[in-house]
Peer 1: 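Supplied in structure tokens, the structure appears directly below.
Nothing fancy with the numbering, it's 1 onward along the sequence. We use all heavy atoms of the structure for the numbers below, so side chains are in, but hydrogens, waters and symmetry mates are not. These numbers come from a predicted model, not from an experiment.
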Amino acid sequence: PLYALADIEQSIARAITQLRRTVTMLQPHNDPMSESVSHALDDAARMLRMGRRRLHSVLPDEHELSMLLGATRLRFLKEALMNCVKYAPVNSIVNVSADVSDRGVEVTVVSDLSKEELDLQLELSSGLGIMSLQSRAQTLGGDVCFGTVPGRWIISLVMPIDAVRIGGVE
């Protein structure tokens, strides 16, 4: 019964988030350039709290990271976070980390994943969302790596620094 209740709460949280996004997109003042890593983390943390879960982040300067990623790549971070939020079990922690080097930017999101949730994910998911995410990243010169290790779901966005700094690529 507790898992069923948690599933219902997660479904409601996802529906509310989707409604908020839709309303935000329809507002005339919506400016995708005003998005930031902080906004993405705040949205994910809010959704996680609804399912009695937490977000932990270890990031370099969030403003610099937002600038390096830009609006297009920031959407990848949001999608990676939402993917982990969907499947993180109750009372778990979703970890976000980033590394910026001369070679590029790598953002990694890791969440707990129970065996039951992995089985359910495999049943319900076509995998097209992740494959689309990976294809779009490769188009921008980067890559998305994803998969499971015992008890964990990992998704990582890797973008070369040259591609990140080219404004016209967005």
Peer 1: What residues, two or more places apart in sequence or in another chain, satisfy side-chain hydrogen bond (donor to acceptor under 3.5 Å, both in side chains) together with Glu64?
Peer 2: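 Here no residue qualifies.
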Peer 1: Which residues satisfy the side-chain hydrogen bond (donor to acceptor under 3.5 Å, both in side chains) test with Thr108, sequence neighbours excluded?
Peer 2: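 Applying side-chain hydrogen bond (donor to acceptor under 3.5 Å, both in side chains) to Thr108 gives Ser156.
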Peer 1: According to side-chain contact (heavy atoms from CB on, under 4.5 Å), who are the partners of Leu59, at least two apart in sequence or on a separate chain?
Peer 2: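 Val37, Leu41, Ser57, Glu62, Leu65, Val96, Ala98.
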Peer 1: So do the side chains of Val105 and Asp99 get within less than 4.5 Å of each other, counting heavy atoms only?
Peer 2: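 Counting from C-beta outward, Val105 and Asp99 never come under 4.5 Å.
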Peer 1: In chain order, what residues pass the side-chain contact (heavy atoms from CB on, under 4.5 Å) check against Ser11, with sequence neighbours excluded?
Peer 2: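 side-chain contact (heavy atoms from CB on, under 4.5 Å) list for Ser11, sorted by chain: Arg14.
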Peer 1: Test of understanding: with salt bridge (Lys or Arg N to Asp or Glu O under 4.0 Å), list the residues that count as partners of Glu106, not counting sequence neighbours.
Peer 2: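 Salt bridge (Lys or Arg N to Asp or Glu O under 4.0 Å) list for Glu106, sorted by chain: empty.
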Peer 1: Check Ala40 against Lys78 and note the closest heavy-atom contact, atom names and distance.
Peer 2: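 Minimum heavy-atom separation between Ala40 and Lys78: CB-CG, 3.6 Å.
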Peer 1: Run the side-chain contact (heavy atoms from CB on, under 4.5 Å) test against Gln134 and tell me which residues pass, sequence neighbours left out.
Peer 2: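 For Gln134 the side-chain contact (heavy atoms from CB on, under 4.5 Å) partners, ignoring immediate neighbours, are Met131, Gln138, Asp143, Val144, Phe146.
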Peer 1: List in chain and number order the residues that pass salt bridge (Lys or Arg N to Asp or Glu O under 4.0 Å) with Arg52, two or more places apart in sequence or in another chain; answer none if no residue qualifies.
Peer 2: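 Arg52: salt bridge (Lys or Arg N to Asp or Glu O under 4.0 Å) contacts with Glu9.
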Peer 1: Quick one: list whatever passes side-chain hydrogen bond (donor to acceptor under 3.5 Å, both in side chains) with Arg152, sequence neighbours left out.
Peer 2: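 Scan of Arg152 (side-chain hydrogen bond (donor to acceptor under 3.5 Å, both in side chains), adjacent residues dropped) gives Asp112.
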Peer 1: Shared ILVMFWY cluster between Met82 and Met50, side chains joined below 4.5 angstrom?
Peer 2: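 Hydrophobic grouping puts Met82 apart from Met50.
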Peer 1: Under 4.5 Å between side-chain heavy atoms, chaining through other members, with only Ile, Leu, Val, Met, Phe, Trp and Tyr counted: pull out the rest of the cluster around Val149, sorted by chain and number.
Peer 2: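 Hydrophobic cluster check, Val149: joined to Val110, Ile154.
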Peer 1: Can Ser66 and His63 be counted as having a side-chain donor-acceptor contact under 3.5 angstrom?
Peer 2: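 No.
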Peer 1: Would you please name every residue forming a salt bridge (Lys or Arg N to Asp or Glu O under 4.0 Å) with Arg49, sequence neighbours left out?
Peer 2: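 Scan of Arg49 (salt bridge (Lys or Arg N to Asp or Glu O under 4.0 Å), adjacent residues dropped) gives none.
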Peer 1: Determine whether Leu140 and Met159 satisfy the following criterion, side-chain contact (heavy atoms from CB on, under 4.5 Å), listing intermediate values before the conclusion.
Peer 2: CA-CA 8 Å; Leu140 295 171; Met159 295 304 290; 3.7 Å; yes
Peer 1: Within the 4.5 Å heavy-atom criterion, are Leu48 and Val94 side-chain neighbours or not?
Peer 2: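 A side-chain contact exists here, since the closest heavy-atom pair is under 4.5 Å.
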Peer 1: Going by the rule side-chain hydrogen bond (donor to acceptor under 3.5 Å, both in side chains), which residues pair with His56 if we only count those two or more places apart in sequence or in a different chain?
Peer 2: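 Here the qualifying residues are Asn95.
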Peer 1: Restricting to salt bridge (Lys or Arg N to Asp or Glu O under 4.0 Å), what partner residues turn up for Arg54, sequence neighbours left out?
Peer 2: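 Listed in chain order: nothing, the list is empty.
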Peer 1: Do Gln10 and Met47 have side chains that approach each other closer than 4.5 Å (heavy atoms only, starting at C-beta)?
Peer 2: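 No; the side chains remain at least 4.5 Å from each other.
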Peer 1: Pick one: which of Ile155, Val107, Val109, Asp43 meets side-chain contact (heavy atoms from CB on, under 4.5 Å) with Leu81?
Peer 2: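 Going through Ile155, Val107, Val109, Asp43 one by one, the side-chain contact (heavy atoms from CB on, under 4.5 Å) with Leu81 is satisfied by Val109 alone.
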